[in-house]
Structures are given as structure tokens and as C-alpha cells.
Amino acid sequence: SKFVRMMVSDLQNGIATSLILVLAVIFIGLGLRNAILVATAIPFSMLLSIVILNATGETMNMMVLFSLILALGMLVDNAIVIVENIYRHHAMGVPRAEAALIGTGEVAWPVITSTATTVAAFFPLLFWPGIMGEFMGHLPRTVITVLVSSLFVALVINPTLAALVMKVKPGAENSSDPETQRPNYWLVLRYQRLLEFLLHRPRWTATTALVLLVFVFTLYGSFGAGVEFFPKIDPDSVTCSIRPPDGISLEASDTLSNAMENRIFGAPGSGWDKPVQNLKTASVVIGLEGVGGPSGGFGQEGIGPVRTTIEFVDSEYRTESTTATLTELRRRMEGINRSGERVAPPLFGADFDVIRPQEGPPTGKPVSIDIFGENLNQMARVIYDMKNIIRNVPGTVKPTDDAVTAQPTLEWKVDRARAGMLGLSQAMVAGILQVAGDGLNTGTFGHGDDEQDIMLRFPERFRRQTSRLKNITIPMTSGAAVPIASVAAPDLVPGPVTIKHYNKKRVLNAAAELQPEIRADSSIREMFQQRAKQYPFPPGITYRFGKSDEEQQAAVSFLSKAFVIAVFTILMVLVLQFNSLLKAGIVMVSVVLSLMGVYMGLLVLNAPFGIIMTGIGCISLAGVVVNNAIVMIDAIHQFQDRGDDAYTAVVSAAMVRFRPVLLTAITTILGLVPMALKLNFDFTNFTFQYNTSMSQWWQSMALAVIFGLLVSTILTLGVVPTLYLLQYQARGKLRKLPLLPRRNGTP
């Protein structure tokens, strides 16, 4: 319940923050009343979206809530474009109602097309297969619902409200030239000078953009920080696990657990005088090997039968990062203090591990390999070698395996000939041994749910010692008794083991976690895989790299296909809008420019490329960044239809659309800035929260959208008009070329 309250609180704070930022930005550009007009799109769109999501059976889970936060910056874009265009006409003297009709009509189709392109970007994500699709599939459904709702609000509710209450700022009547309709406020005039400079050098502008693009991609290829699957966040809990030696008793397991607890809690004589930091609660479970699942430890991967689960204090009360606390726990179990000195031995040679919760759906440890075969002894030797390979890969910690060796079992061999001479059968000897060991069920007492078994068995002092078991006597038919050792001999032999299968094949696994400070796990995984492929596997032994690698490869494959499909779908929408493949291609240039912005941001922050979060950010950018280019090219067409030449139409349209392009980009960026900075303002208690788990989770996606949108907006304002003018000039030159003669000499 606490986690649910925290998520809902983050959504409420995100909505409030977005409202304030939108009001502030639009207030500067259009005035307070019009800022409120635009801001109404947020509650109306959110309310409509939640009603639709509820009607479709979508629950308010973590992904839905934070998809709503992600969509907050996008949903005001349509409202800004429409309200700004209505405001522009009203400032030129057109009455409010008529300005609402004209302003909405002029940009209605570009706004619809812009929304369609953004929906097209998220649409392929609806078909994400597997467990990752079940987890991430809520995001596209939610974002698409919010975008469609915001389109309805922008086309219906915002114009209606604008016709009723819109007011022009004092002096805004003179902010546009009535004849050319070009705005003349200070910032747009500076933009006009820069734009005309670029338009007079179109080839230089296009070449510079291309060189910059190639330079950034090359720079990232050389100095990029690698790739991560899911973002690494500070865990709220951690599990310290011990897998004791085979055949250990419950009492010995308890001794191991006490030693682990003493180190965690800083008991006297443990080598540590203080407990680990950030400790809130701890629960201890002690069992036997094989309890609760075939993995030898409660059915969870890497968790042994002795474990301590630690819950950390809330983030605002932590004295250090819990990632650092996790490293300290690992040191204590290893017996090494923070300065690197060994102050205690490892936990009696037991196989121990510190396991952090997985981010996202369960995919296994980041470095993992499965070995298949029929000969278990041979497989165990190979898996032991794999552990050594993992151990020697820099960045890995404490490799483990699930090659459970046989448990020692006391096996009695009956001398049938001697037993027959004494009148004893093998069944009689087995019956006595059963009473001595597990016990014999002789009946029940009680009724119904209270019914209990009556077990007949020897006292524990006989069951625990082989020497006493040998002296147990067996009654004969003659009335005499003989010791069991006279007809049977005990032998300590390996007992049965757990044999796991995958696709009907025997399988063993070796895996390891990474050092907590490492984010780019793909480079370490690739290093291990290269070394593993060089290992001489014996005949009959095959391998595959673990589920985490499979999920990562599947995610890369799907997101790559989804990006291509999204770009193709967006291109088709643009062709329908402009009836020109060339103009659609000009708009798609902004997508490439946005990718350049993403890579520039990763280089500046020295951050790895997140396959899931950054990948989804790039796909969403493909739909968002084309909006500005769509609105601009549509405005160019309108000025050309009015009779302006191409150059004049390009300059006029760019100046007219400068303000809405700037406002939509700024509001989207500012809506994601708190998430990118890992800041959250609690409006209920008026306190700042920093570095919360949810902000760490979504930061990489927010940064991708911010840098991509920032760079693409800056370059789109100069590159898209230049490319449009270039293609128009090229078409004009082609039209003037004489037709080539045909073979018969006729033109």
C-alpha cells in the first residue's frame, strides 16, 4: 500500500508540476488567461484518458501511472498550436469567435497529422511479445490513449473556451505585420536574421548538418559508455543468501546464519562494530537444501536455504546510496572491510551471495550460461570451468552455479542368506529400519481438520548415530533377538540429486552479478561470451547464454523492427498529408536530427544507451519531433497558396510558426526535466524529494527525449526550411530542362 501511495503521489506531483511549468511558459508567450486556456488541456485530457483506460480494463499499475507522467509533456502540444494560432488571428483584430474558427481550421489537419505520427510511433510497441511485452505493453496503450484524448480536447474544448474568454496582451495588436502576417516581436526578428543567413547559403547549411551528424555518430561509436538493458536503480531491499556445504544439518545452517547476522548487525567479535547503514528491518529464513523448489533454495534463482532479506529505510532517510550498502554487505560476507583489509574469514567456505532485486521483469542474472548434456559428472566439470571463466571477467562478483552434488545417504545391504538362516526376511529388516529412521505411521487421532498421524519411531539418540543403529535387535519367530548388524551392513553412499531440464534436456547453470557501480552490462557480458566460446566443450555438451542475454537480444531485435515500422508508418502518414514523398522525406530529417541529439546527450552525460528506456525514448521521439516540421511545411503551403514566392513563404511561415514550435518544445522538455534531474516536489507536504527509485527508473528515457527534442528543434528551425527551399529550387531547374529527343527524332 505504501508503494501504491508513493506512485499515485508521484503522478499527482507530476501533474501539478506540469501545470505550473505550462502556465509559466505560456504566460511569457501569450499571457496569463491564454496560459490557463492551454493548461486546461491537462486535466481534461487526463480525465478523459483515465475514463477510457478504465473502460478498457486497464489497471492503475506502475507502468500506466508513469506513462501518464511521460505523456504530460506531449498532451499540451496540440493545445499550444491551436490556442497560439487563434491568439495570432485575434491579435490581428479578428473577433474571438471568428478567430477560433479560422485559427482552428488553419492548423486542424496539421495537428491531426502530428498526433497521427506520434500514435504511429507508439503503435508497433503494442505488439511487443513475451514477458517484456507484458511488462512494457502498458506504456504504448496509455500514451496513445492520452494523445487521442488531447487531440479531442485541442480541437473541441480549447477553441470553445478561447471563443469565450481569450484576451490579447496589451500591445500584442502591433506584434504582427497586417500585410505579410509576419510577427515582429524581439525574439522572432533575431530568428529571422539567422534564418535568412542560412537560406542564402542552403548547400552550406545542409552540408554542415550532415557533417555534424556523422561527427556525433562517429564520436559516440568511439567514446560511448556502452549499453545497459534496464536502468540500475538503488534497491529498496536486498537478500543475503548462503548455500551451505552438502549434507549439512539444520543446526549447522543456523550457525552459518548467526555468523551472517552478526556481520550485518555489527555484533561484538564479528570484526565490525556497527550495523550496515540504511538498515530498517531484516527477516531470516533457515531451511535445508532442496526445500521449496528444485533450485535448492525456495525455488528462487541463486537463493540458498539460508537467507536474510533486508529492507532499507525510505530514500529521504538514507545516509548513503543503497548500492554502496549492497557493496558493504558483500564485503562483510567476504570478511573484508572498506579499506580492503581482511578482518574475518569468509563464511566458513559456504557459497554465499548478495542478490539485488531485478529491475523490470525477471530475466536472470546479467552474466549467465546454461550447459546441456546427459553425463551429469561431465556437465558439473564444465560448469565449474565456466564459473572460473566468469570469476576472471572484470566487473563480475561471486559467480554461483546450481550443480547440486549428491546428499550423503545411509544405505543398508541385507545379507539374504544369513537372514534366511535366522528366519528373517528383507521386509522384516526394512520395517525395523523404517521405525528407526523416518518412523512408521500406525494410525491417526482426532477428526476432520484436526486429524493427526501417530508415528512410531526410535528415540533420536538411536536415529542420529550409526553405531547405535547397528545394535538395534530384531525379534525372531523363536522368541530370541539378533542385532541388525548380524544380517545387514550400513554404507554411506551418494543419494539422489535434483536434475533440472530445459526442453527435455538436462541443464546446469552458472551465473554472476555485476559490481553495483557498473551500468553498461553488455560489454562485460560480451567479454564473457567471447571467452566462453573459446572453451573446448567436450562432445555431447552444448550451451546457450542465459535468459538475460536472450531477453536483451529479443528486445534489441523487436525495438529495431518497431523503430523501422514506426518510421515507415510516419512516412506514409506524411505522404497522405503532403501528397509528396520528397516533402515527407524533408520532415523525416527531423527524426535523424533527434537521434543525433540523443547520442550527444549520452556523450555529455557519459551515460550508457538503455535498450529499453532509451530505445523507447528514441521511438517516441520519432513521432514527437516531426510535429514541428509538419506545422511549418503546412504553413509554407498556406503562404504559397496566398501568392508568395517560395523564399518569402518559407521565411514568413518559419516566423509565424516560430512561437508555437518553441513553446511546444519547451513545455515538453520542462515536463520531463524534474524526472531527468531526479527531482520530485511533494505539493502535499511542500518538500523536495531527490533520487527516488521511480526517478532513477525513468531518468534515461527522459534524458533521451529532452536532448533529442532540444537538438532537433534547434536544427529543425534552420534545416527544414533550408531543405524545403533547396527541393523547390531543384524542382524549378528540372522543369526548365529541355526534353530529351526520342528515337524517331520527335521531342
Side-chain angles (χ1 to χ4, degrees), residues 49 52 56 67 70-71 73-75 77-78 81 107-130 132-133 136-152 154-155 554-598 611-634 637 664 668 701 704-705 708-709 712-713 716 720 723-724:
S49 301
I52 295 173
T56 56
S67 298
L70 176 68
M74 303 179 192
L75 64 85
D77 289 357
N78 295 333
V81 172
V107 294
W109 276 112
V111 164
I112 293 172
T113 304
S114 301
T115 305
T117 56
T118 311
V119 169
F122 285 96
F123 184 73
L125 298 179
L126 293 173
F127 304 97
W128 199 330
M132 200 64 63
M136 299 298 297
H138 301 283
L139 186 144
R141 288 194 290 270
T142 305
V143 173
I144 289 173
T145 301
V146 173
L147 291 174
V148 174
S149 301
S150 70
L151 178 63
F152 172 80
L155 292 177
V556 170
S557 175
F558 173 77
L559 289 175
S560 301
K561 295 175 183 176
F563 183 78
V564 173
I565 294 172
V567 169
F568 179 77
T569 308
I570 292 170
L571 187 62
M572 293 300 100
V573 173
L574 295 174
V575 170
L576 289 174
Q577 168 68 17
F578 297 120
N579 196 27
S580 169
L581 186 60
L582 192 59
K583 292 176 183 176
I586 294 174
V587 175
M588 295 303 295
V589 169
S590 57
V591 176
V592 181
L593 297 178
S594 71
L595 293 179
M596 181 175 67
V598 172
I611 290 176
I612 299 299
M613 292 303 174
T614 312
I616 293 177
C618 291
I619 292 175
S620 62
L621 271 174
V624 173
V625 298
V626 298
N627 298 350
N628 295 334
I630 291 172
V631 173
M632 185 174 292
I633 290 181
D634 183 78
H637 288 168
T664 54
T668 303
M701 182 186 292
V705 176
L709 187 57
S712 68
T713 300
T716 297
V720 169
L723 291 178
Y724 185 91

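These values consider heavy atoms only, across backbone and side chains, with no hydrogens, waters or symmetry-generated copies. The model shown is predicted, which means the values in this text are computed figures rather than measured ones.
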At their closest point, which heavy atom of [X] faces which heavy atom of [Y], and how far apart are they?
X    : Y    : result
S67  : V143 : O-CG2, 4.1 Å
F558 : P129 : CD1-CD, 3.7 Å
T664 : T668 : O-OG1, 2.8 Å
A121 : I570 : CB-CD1, 4.2 Å
W109 : Q577 : O-OE1, 4.1 Å

Just verifying a value: how many Å separate [X] [atom1] and [Y] [atom2], rounded to the nearest 0.5 Å?
X    : Y    : atom1 : atom2 : result
T118 : L621 : OG1   : CG    : 10.5 Å
I630 : I586 : CD1   : CD1   : 13.0 Å
L559 : W128 : CG    : CH2   : 4.0 Å
N627 : T117 : CG    : OG1   : 4.5 Å
L576 : T113 : CG    : OG1   : 8.5 Å

(message) Given 3.5 Å as the limit, does a donor-acceptor pair link the side chain of S150 with the main chain of L147, or not?
(response) yes

(request) Verify side chain to side chain contact (heavy atoms under 4.5 Å, CB included) between I144 and L126, making sure each step is shown before the conclusion. (result) CA-CA 10 Å; I144 289 173; L126 293 173; 4.1 Å; yes

(request) Please determine, by modelled atom types, if S114 and N78 share a side-chain donor-acceptor pair under 3.5 angstrom. (result) no

(message) Ignoring hydrogens and geometry beyond distance, is a side-chain donor-acceptor pair present between T716 and S590 at under 3.5 Å?
(response) no

(request) For atom CZ of F152, decide whether the heavy atoms of other residues, nucleotides or ligands shown that lie under 6.0 angstrom number more than 12. (result) no

State, with a plain yes or no, whether a side-chain heavy atom of [X] is found less than 4.5 Å away from one of [Y].
X    : Y    : answer
V625 : T713 : no
M701 : I616 : yes
D634 : V107 : no
T142 : S49  : no

(request) Scan residues 139-150 for pairs that pass salt bridge (charged side-chain N to carboxylate O under 4.0 Å, His left out), counting only residues two or more places apart or in two chains. (result) E58-R141

